[in-house]
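These notes concern the structure reproduced below.
Small disclaimer: the values here were computed from a predicted structure and weren't measured. Within every chain, numbering begins at 1; the chains are lettered A, B, ... in the order of the sequence lines, protein sequences first and strands thereafter.
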There are 4 protein chains.
Amino acid sequence: MPREAADVSTVSKSQKSREAILESAAKLFRRQGYSATTLRQIADLAEIQAGSIYYYFDSKDAILDEVLDEGLRRVFNGVKLRLKQAGDASHRQKIALAIEAHLVALHDASDFTSANIRIYGQLPERLKSPHRAIRRAYARYWDRLLSDAQKAGEIRSDIELIPLRIFVLGALNWTVEWFDLSKKDAVQKLARRTESIIFDGVKR
Amino acid sequence: MPREAADVSTVSKSQKSREAILESAAKLFRRQGYSATTLRQIADLAEIQAGSIYYYFDSKDAILDEVLDEGLRRVFNGVKLRLKQAGDASHRQKIALAIEAHLVALHDASDFTSANIRIYGQLPERLKSPHRAIRRAYARYWDRLLSDAQKAGEIRSDIELIPLRIFVLGALNWTVEWFDLSKKDAVQKLARRTESIIFDGVKR
Amino acid sequence: MPREAADVSTVSKSQKSREAILESAAKLFRRQGYSATTLRQIADLAEIQAGSIYYYFDSKDAILDEVLDEGLRRVFNGVKLRLKQAGDASHRQKIALAIEAHLVALHDASDFTSANIRIYGQLPERLKSPHRAIRRAYARYWDRLLSDAQKAGEIRSDIELIPLRIFVLGALNWTVEWFDLSKKDAVQKLARRTESIIFDGVKR
Amino acid sequence: MPREAADVSTVSKSQKSREAILESAAKLFRRQGYSATTLRQIADLAEIQAGSIYYYFDSKDAILDEVLDEGLRRVFNGVKLRLKQAGDASHRQKIALAIEAHLVALHDASDFTSANIRIYGQLPERLKSPHRAIRRAYARYWDRLLSDAQKAGEIRSDIELIPLRIFVLGALNWTVEWFDLSKKDAVQKLARRTESIIFDGVKR
DNA sequence: TATGAATGAGCATTCATTCAT
DNA sequence: AATGAATGAATGCTCATTCAT
């Protein structure tokens with residue numbers, strides 16, 4: 001099973017097929033859910049034969065696994081990267097950046113992230129459990145962000161942080177259900193609006 | 001097709017089976033999604049034979065249709081009923097009551113409401129479209145609530161109301177993904193917390 | 001899953017389908033082996049649809065299981081029944097009867113027995129192991145038959161009994177590979193000839 | 001298609017791969033049967049790629065063909081060679097040697113012979129027919145052996161030879177189903193025992 | 001001399017649906 | 001009012017086979 005790119009400059013044909021499968025799967029999973037998506041649909045969208053999928057993946061489950069993984073990693077990396085560039089911003093600014101990066105990853109960065117958000121809740125245990133670890137890590141990352149802000153007095157001390165984190169991420173994640181991706185700068189605007197509602201609510 | 005209760009005092013056996021099917025379906029749709037749920041699973045949970053389902057419903061789609069409908073109507077009615085009892089409360093108090101009623105319907109009132117919230121987004125057009133009307137009506141109901149509050153000066157005038165409504169309902173709906181229903185009064189607490197975060201953010 | 005006949009006089013339609021599947025499977029397994037036989041072939045021969053097989057059986061493996069079981073039980077019961085009727089025959093006569101009964105079961109009693117003989121050796125462990133117990137019981141039954149004969153002096157004392165049993169059963173079983181079932185009384189003739197060679201040998 | 005050895009002293013790499021395929025196939029056919037064996041399994045065992053098999057063979061059928069052929073020729077040659085060395089032995093001694101040579105070929109000489117014995121009966125006509133000729137020739141060879149013995153008075157005149165030949169070869173062939181190859185001299189012992197039963201019988 | 005990539009027909013199995021009773 | 005029996009289209013998956021390189 002070919003997993004390494006042959007080269008830096010050249011993307012092997014094989015690599016391309018593999019990615020086409022993954023991207024098609026992500027798109028369909030996102031729109032229709034996991035069990036409503038057939039391998040034949042994935043193959044059609046990737047412009048290969050259904051049987052060929054098994055050259056690259058062991059099973060439909062294995063495709064989902066990779067889609068789910070890729071999805072969360074893109075969000076996580078997007079947020080971490082943005083905050084690394086933040087320098088000495090205030091806590092509120094940092095959280096604002098995290099909100100924007102989370103939303104950008106959700107809406108710009110292909111279907112992987114939104115597929116993850118949308119379908120995870122309805123998956124059977126067997127498919128969920130491999131992803132618990134990263135999900136928890138991402139939650140802890142936000143908890144630290146919020147906790148630092150609270151310690152610095154930028155979030156009221158009577159706010160419980162874990163419900164707050166759930167509330168914030170929930171509000172962000174729900175945007176994939178209705179948000180229109182087409183307009184330029186719309187994500188930035190959405191981010192600022194969201195931050196404003198949340199923050200002016202939690203500040204002392 | 002038997003749709004009317006035979007009597008006010010007695011619930012006919014037939015009526016009971018029909019409801020058992022609906023409740024079983026709602027529970028399973030909520031947990032597993034629509035297409036991952038089989039008629040056999042629904043029949044098992046309702047303690048009847050799979051074939052018997054067709055005595056009450058024309059198709060799997062028809063069951064979903066009713067589950068979806070029931071789900072949103074319960075939320076809508078719950079909210080309307082609560083506000084009718086509100087009397088001359090302030091706008092903020094009215095919205096707080098609406099939030100609580102929405103959450104109560106979502107978490108207390110069986111699986112119909114949460115099934116609706118969870119699976120609607122992944123359904124094919126054919127299954128979504130019959131429900132657009134009520135959904136829009138419910139959205140307009142909230143829009144009026146928020147708009148009245150804004151006119152009365154209880155919401156900042158620079159806040160755009162439609163994004164606000166989406167944000168608020170999104171935050172509420174997302175709670176079905178993680179909220180633990182078991183604890184008493186937990187829903188009330190959640191409602192107050194949510195209202196506080198949102199409101200102290202939007203108030204002037 | 002319906003397993004009991006509804007009645008003594010009437011064979012239910014359901015029971016008939018179940019048996020038709022089993023008989024078709026036995027015939028095809030015998031001729032082509034297990035893995036070369038498709039469910040579609042079984043269904044065609046049983047004059048039902050392939051999907052309908054799953055109303056009666058959980059899997060192809062489950063069909064094989066029952067075919068295998070039925071096959072050996074028919075031989076075993078056939079031999080036991082014949083010997084019960086034998087009364088006070090000599091040991092050699094008893095063994096002669098056992099040989100005949102084994103051959104009759106193998107050739108007359110449908111395809112179950114010969115399917116069992118023919119395909120067992122090439123089956124994967126998973127399919128073999130449930131049948132080890134009966135097979136061993138049948139082997140022990142023959143061992144006792146031969147051992148009694150030896151104790152009574154009707155078999156030379158220098159003959160090792162286990163290799164002898166294997167030899168005898170092997171010679172009998174092999175007949176399914178070439179024997180023509182069509183002629184009347186052919187099985188009886190074959191049985192007598194086999195018994196004669198085994199007991200008396202071929203030398204003058 | 002490379003079929004000739006390049007050289008007497010050197011076995012070309014190509015030749016080695018070809019033989020590795022054949023040997024792997026024989027081993028797997030013997031254990032699992034023809035249709036349960038995949039080209040991928042054969043390739044794995046031969047330590048090449050599945051696609052490469054087609055450099056040496058036209059099809060799976062073609063591999064079987066050669067395995068089958070090789071198998072019977074090894075038995076046939078083994079028996080002929082042994083009898084050529086026999087000199088002026090008695091007929092019974094000659095048959096004893098044939099029995100031993102047949103068993104040696106079956107158990108010592110790799111998987112080709114036992115694969116042939118085990119799977120031939122379940123093969124479709126198309127795969128059987130090319131091998132009828134050699135099989136018949138081998139049968140005739142045994143018939144002559146037995147007929148000579150009968151003419152010389154070493155086999156009772158009332159024994160029909162063709163059923164006898166089938167019986168004897170059947171008894172020998174069946175040993176592949178159960179015989180343990182590991183012990184030294186076990187085959188010789190088995191051969192002597194078999195010859196004794198056939199010639200002298202088991203009675204005292 | 002050999003292989004990586006892909007194919008497509010076919011497989012066991014599932015499932016919504018039907019219908020005589 | 002309900003079911004047992006059956007269907008057939010579709011699903012995830014396998015596998016012998018092909019072919020450019």
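Here D44(A) pairs with nothing under the side-chain hydrogen bond (donor to acceptor under 3.5 Å, both in side chains) rule; sequence neighbours left out. Take D69(B) and apply the salt bridge (charged side-chain N to carboxylate O under 4.0 Å, His left out) test, not counting sequence neighbours, and it matches R73(B).
Remark: the backbone N or O of A20(B) is paired with a side-chain donor or acceptor of S24(B) at under 3.5 angstrom.
Between the side chains of H131(A) and N116(A), not a single donor N or O lies within less than 3.5 Å of an accepting N or O. For the residue pair R30(B) and S114(B), a side-chain donor N or O sits within less than 3.5 Å of a side-chain acceptor on the partner.
Comparing dT3(E), dT17(E), dT17(F) by their nearest atom to the side chain of S59(D) picks out dT17(F). Each of dT13(E), dG4(F), dA16(F) was ranked by its minimum atom distance to the side chain of K60(D); first place goes to dA16(F). Of all nucleotides listed (dT17(F), dT3(F), dT7(F)), dT7(F) comes nearest to the side chain of Q49(C). If you check dA5(E), dT13(E), dT3(E) against the side chain of Y54(C), the one that comes closest is dT13(E).
Residues T37(A) and I53(B) each lie close to DNA chain F; by heavy-atom proximity, the contact nearer the 5' end of the strand is made by I53(B). Toward the 5′ end of DNA chain F lies the nearest nucleotide of G51(C), the other residue of the pair G51(C) and S52(D) mapping further downstream.
The list of salt bridge (Lys or Arg N to Asp or Glu O under 4.0 Å) pairs with a residue in residues 113-129 of chain B, not counting sequence neighbours, reads D61(B)-R126(B), R118(B)-E177(B), E125(B)-R132(B).
When rounded to the nearest whole Å, the span between CD1 of I21(D) and P of dT1(E) equals 12 Å.
Proximity of residues 38-46 of chain A to DNA chain F (heavy atom under 4.0 angstrom from any strand atom) is restricted to T38(A), L39(A), R40(A). A heavy atom lying under 4.0 Å from DNA chain E marks none of the residues of residues 119-130 of chain D.
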*Quick one: the dot-bracket string of DNA chain E, using Watson-Crick and G-U wobble pairs with both distances under 3.5 Å, [ ] for crossing pairs and | for bases paired to another strand.*
.||||||||||||||||||||
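Between Q122(D) and Y34(D), every side-chain heavy-atom pair lies at or beyond the 4.5 Å cut-off.
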